[in-house]
There are 2 protein chains.
Amino acid sequence: MTVRSEPAQHAGMRASNLALVLGEVVRTGPVSRARLAARTGLTKSSVSGLVADLITAGLLQESAPAATERGRPATALSLAPGGVAGLGLEVNIDYLAAVVTDLTGAPRYHHVVRRDNRGREVADVVADLIELARAAAGSADAQALPLAGACVAVPGLAVDGTLARTPNLGWDRVDLADAVREGVGLDVELENEANLAALGEMWFGGHQHDGAPLRDFVHVSGEIGIGGGIVIGGEVFRGANGSAGELGHVVVDPAGPLCACGGHGCLERMAGQQEILARAEVSTVEELTRACEAGDRAALDAVTEAGRHLGVALSSVLTLLDPSAIVLGGAFATLAPWLTAPTAASIGHHSGTAPRLLVSGLGSDAAVRGAAGTVVRRVIADPAAHLARQVARAGS
Amino acid sequence: MTVRSEPAQHAGMRASNLALVLGEVVRTGPVSRARLAARTGLTKSSVSGLVADLITAGLLQESAPAATERGRPATALSLAPGGVAGLGLEVNIDYLAAVVTDLTGAPRYHHVVRRDNRGREVADVVADLIELARAAAGSADAQALPLAGACVAVPGLAVDGTLARTPNLGWDRVDLADAVREGVGLDVELENEANLAALGEMWFGGHQHDGAPLRDFVHVSGEIGIGGGIVIGGEVFRGANGSAGELGHVVVDPAGPLCACGGHGCLERMAGQQEILARAEVSTVEELTRACEAGDRAALDAVTEAGRHLGVALSSVLTLLDPSAIVLGGAFATLAPWLTAPTAASIGHHSGTAPRLLVSGLGSDAAVRGAAGTVVRRVIADPAAHLARQVARAGS
DNA sequence: CCCATATAGTCCGAGTCGTGAACTAATGTG
DNA sequence: CACATTAGTTCACGACTCGGACTATATGGG
């Protein structure tokens with residue numbers, strides 16, 4: 001439990017500078033060594049050495065010399081699209097998904113299998129997931145993309161690779177990470193779906209704030225349940241026990257009905273998919289969308305009502321966390337045309353502020369893409385570790 | 001706006017290791033060099049060199065050799081009580097305060113002036129504060145304590161040394177940092193009172209979690225307004241604009257009345273000091289406490305009602321932030337005997353959980369002590385910078 | 001065509017700082 | 001009193017980055 005940072009040694013210095021240089025390339029796109037030196041504060045000679053390592057590691061590549069105004073033309077350095085790739089997987093209530101992403105973040109494989117997984121044998125679902133993962137790994141192999149690992153998005157709390165709690169799927173203590181690891185032979189980590197969706201949105205959603213990618217925001221995913229992902233300083237905020245951000249169980253009506261979580265008046269109980277559909281007298285989100293498009297009174301009222309409750313919860317989020325934006329994702333993104341106005345109005349009424357309310361461009365893909373991105377970003381954040389692993393593999 | 005970390009150089013390596021060693025002494029108390037080497041992962045030779053620097057900087061000192069079981073006895077290293085000190089100041093609604101804290105965190109001077117500052121000329125209050133600060137600085141001087149700086153706790157939002165907004169004091173854009181800097185000739189920073197109270201509670205409150213000091217918690221200070229300080233990983237969480245943690249304006253009743261903040265049904269509007277006192281039909285917290293002790297029905301009901309609302313807000317805090325504890329401070333600490341039970345019950349009802357609900361031991365002193373601690377902790381977190389300043393001073 | 005200018009990138013000596021092993025210092029044990 | 005044991009220092013070595021000199025490659029003006 002003792003929090004103690006590592007001693008700073010020469011190797012760590014180099015590791016940190018490798019990450020600094022690589023990160024700069026990720027942020028700014030193709031750059032010359034000279035420009036990297038200027039932007040990172042390192043000297044040209046240091047940058048040259050660092051870049052050489054990153055090129056041999058297969059993370060960077062030299063592009064064609066770009067003509068500058070005067071003087072010797074710069075050789076641009078860019079991320080190697082074939083350097084490493086990440087496998088993202090997702091187990092959700094009504095679908096399984098797999099994505100392979102390369103270093104640049106581009107999706108190189110994408111497959112979704114829709115099927116309601118509630119009530120199915122856990123082992124069957126896991127077997128399906130592994131099959132999906134193998135197909136994705138096969139595709140990565142065919143494209144000569146070396147997978148650095150896998151990350152599984154799960155609709156619940158993941159603790160040390162074990163799925164500890166999945167309220168909407170009913171699974172309990174499933175050792176999913178081990179199962180997938182054995183199935184595909186990769187390092188596997190588990191992470192909450194809402195958190196990964198937030199990260200996916202940050203990395204691939206294209207939202208900006210003051211000209212830079214969003215780094216402090218809350219992502220709300222309206223799936224069967226209502227999930228929330230809090231991103232602070234570009235990283236997911238997990239809280240002391242890993243269950244922070246559960247927006248679905250914020251109290252929006254102190255006098256409200258009992259929720260499955262044991263509380264009363266939770267947002268999910270008042271504005272969850274089940275409630276909205278019932279109030280609109282339809283049975284799927286597609287039907288609801290069509291009804292809204294057709295101007296159906298009950299449907300519009302149901303969505304407006306949900307927006308009002310959502311606004312109460314988001315008011316608390318805004319005052320407590322002060323994010324620079326809120327992103328509506330999942331089914332809420334689909335319903336955005338009818339949902340945003342009442343939500344914004346409710347926020348205004350309850351907190352007196354008018355926040356930036358954005359709509360996800362990735363929708364339900366955000367989580368898998370975030371999962372794949374997590375693997376790749378781990379390499380980007382610590383290229384030295386990746387280099388060491390390569391050396392170890394070559395040696396054995 | 002570009003987020004870019006510094007390049008890692010030799011000086012940075014040393015700075016980081018100096019902080020590592022000093023931090024270890026802060027955490028574990030008197031230790032030998034050998035033990036420090038073992039605990040930090042540095043070699044004995046490196047630790048010796050680092051310790052030598054810290055001793056010449058006046059931050060560490062050698063104590064009498066402590067006899068160990070066998071072998072050469074270790075010379076214990078401990079924080080030098082005369083090394084540096086921090087000046088903490090506080091401007092609040094009904095008092096001004098000053099504290100001087102030495103490196104070990106022990107208060108070496110403490111003075112509070114009670115007086116209602118609402119409606120007074122800003123310049124008069126600032127003059128009083130500077131007078132207080134000068135007395136404190138004089139005392140530090142008399143004790144041969146070199147002040148490393150000052151930090152002022154303010155009941156509002158501080159942005160770049162300017163007091164941007166103080167709802168309960170009515171001040172607007174007061175350049176407090178500059179005024180105090182000129183008054184006492186020290187580096188001065190401003191920080192929100194609720195945040196500093198949380199830090200003070202963490203450093204000096206003595207609360208523990210799993211044997212270590214609390215590092216993820218929310219501090220609720222019930223003064224005239226209701227403030228909240230969020231501490232994550234040992235640091236204050238400020239949000240994108242610095243106004244995170246305003247617990248007083250979390251919505252606890254969507255149908256509630258208009259609040260001064262522009263929202264509706266805010267906690268402060270429902271359970272603020274004004275509301276409680278009015279409902280209990282008394283005019284001060286002291287009267288309220290006496291009434292509660294006497295078993296007065298109206299007083300007890302008023303506190304219970306406040307606890308119910310507080311519980312709703314804290315339920316949202318718990319689900320959103322997942323802290324390892326909640327600390328009740330300020331007047332809420334005084335009212336704790338009657339407040340905690342209804343608050344805990346309300347939390348249980350609204351979120352189905354039973355969190356660790358702690359009571360502040362510092363009460364209204366938390367913020368000033370946190371302010372003084374902030375100055376000292378800054379030196380502890382970056383002793384190299386302090387050393388550089390000393391050298392610069394000696395050279396000039 | 002040739003030379004000045006400008007910019008990119010490499011090379012290598014110098015300086016800083018942690019490592020690790022040998023060494024000195026100080027205590028207790030048999 | 002020798003020996004084991006632990007604390008702390010010394011010093012040669014190596015891994016870095018720095019900084020300036022040097023090479024490479026472009027533009028532009030006479």
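Every chain is numbered from 1 and lettered A, B, ... according to where its sequence line falls, protein lines coming before strand lines.
Residue pairs meeting the salt bridge (charged side-chain N to carboxylate O under 4.0 Å, His left out) criterion with at least one member in residues 12-22 of chain A, sequence neighbours excluded, are Arg14(A)-Asp53(A). The ring-ring contact (aromatic ring centres under 6.0 Å, His included) analysis of residues 27-59 of chain A, with sequence neighbours excluded, yields no pairs.
Residues satisfying the side-chain contact (heavy atoms from CB on, under 4.5 Å) test with Ser48(B), not counting sequence neighbours, are Arg33(B). Not a single salt bridge (charged side-chain N to carboxylate O under 4.0 Å, His left out) links Asp187(A) to another residue, sequence neighbours left out. Applying the side-chain contact (heavy atoms from CB on, under 4.5 Å) criterion to Thr56(A), with sequence neighbours excluded, gives no partner residue. Considering only residues two or more places apart in sequence or on other chains, His386(A) meets the ring pair (Phe, Tyr, Trp, His ring centres under 6.0 Å) condition with none of them. Applying the side-chain contact (heavy atoms from CB on, under 4.5 Å) criterion to Ala177(A), with sequence neighbours excluded, gives Arg181(A), Val188(A), Leu190(A). A search for side-chain contact (heavy atoms from CB on, under 4.5 Å) contacts involving Ser16(B) returns Ala8(A), not counting sequence neighbours. Under the rule for a salt bridge (charged side-chain N to carboxylate O under 4.0 Å, His left out), Asp382(B) has no partner lying at least two apart in sequence or in another chain.
Note: CZ (Arg33(B)) to P (dT24(C)) measures 19 Å, nearest angstrom. Taking atom CG of residue Leu36(B) and atom C1' of nucleotide dA7(D), one finds them 12 Å apart after rounding to whole Å. Across the protein-nucleic acid pair, Leu77(A) atom CG and dA8(C) atom C1' stand 11 Å apart, rounded to whole Å.
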Taking only N/O atoms, report every protein-nucleotides 1-5 of chain D pair under 3.5 Å with atom names and distance.
residue: dT5(D); atom: O2; partner: Gly71(B); partner atom: N; Å: 3.4

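The pair Glu189(B)-Arg378(B) counts as a salt bridge, with a side-chain nitrogen and a carboxylate oxygen less than 4.0 angstrom apart.
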Using a 4.0 Å heavy-atom cut-off, write out nucleotides 14-21 of chain D from 5' to 3' as B (base contacted by protein), S (sugar-phosphate only) or - (no contact).
-> BBBSBB--
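A rotation axis mapping the C1' atoms of four pairs onto the next four is fitted at both ends of the helix from dC1(C)-dG30(D) to dG30(C)-dC1(D) over five pairs, and the angle between these axes is 20° to 10 degrees.
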